[in-house]
Amino acid sequence: MFAISICRGCGRTMDNAYFYCPWCGQSRSLGMKDKDSVEKNFEMIEDQKKTAQQKKIQQMKNRLDELESELSVLVLSTEMHK
């Protein structure tokens with residue numbers, strides 16, 4: 001069995017021989033020997049994903065509000081030109 005690490009940056013697994021993640025360049029973080037640390041790392045990655053999703057949803061809501069406002073202006077403009 002070979003030792004692996006989990007990248008702190010992207011969450012991918014990599015061989016312990018690497019000092020930096022070959023996918024994202026983050027320095028090697030955790031060996032699989034420390035189960036608690038690995039679980040904390042996965043929790044951190046999940047938190048980052050949730051935060052990114054929430055940010056994306058908020059951006060979508062903001063854009064939708066902008067579009068609704070623009071649509072209201074267009075409808076009002078059309079009504080005035082009748």
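Side chains included, hydrogens not; waters and symmetry mates left out as well; all remaining heavy atoms used.
Side-chain contact between Q54 and I57: absent, with no pair of heavy atoms (C-beta onward) separated by less than 4.5 Å. Between W23 and M14, the closest side-chain pair of non-hydrogen atoms falls below 4.5 Å.
Not one N or O on the side chain of S77 forms a donor-acceptor pair closer than 3.5 Å with the backbone of V73. With hydrogens and angles disregarded, a donor-acceptor distance shorter than 3.5 Å links the side chain of T51 to the backbone of D47.
Using a 3.5 Å distance cut-off with no hydrogens or angles, the side chains of E66 and N62 do not pair a donor with an acceptor.
Taking OG of S69 as the reference point, atom CG of L64 lies at 11.0 Å (rounded to 0.5 Å). Rounding to the nearest 0.5 Å places CZ of R63 at 5.5 Å from CD of E70.
Connectivity analysis of hydrophobic side chains (ILVMFWY, heavy atoms under 4.5 Å, direct or indirect) links V75 to L71.
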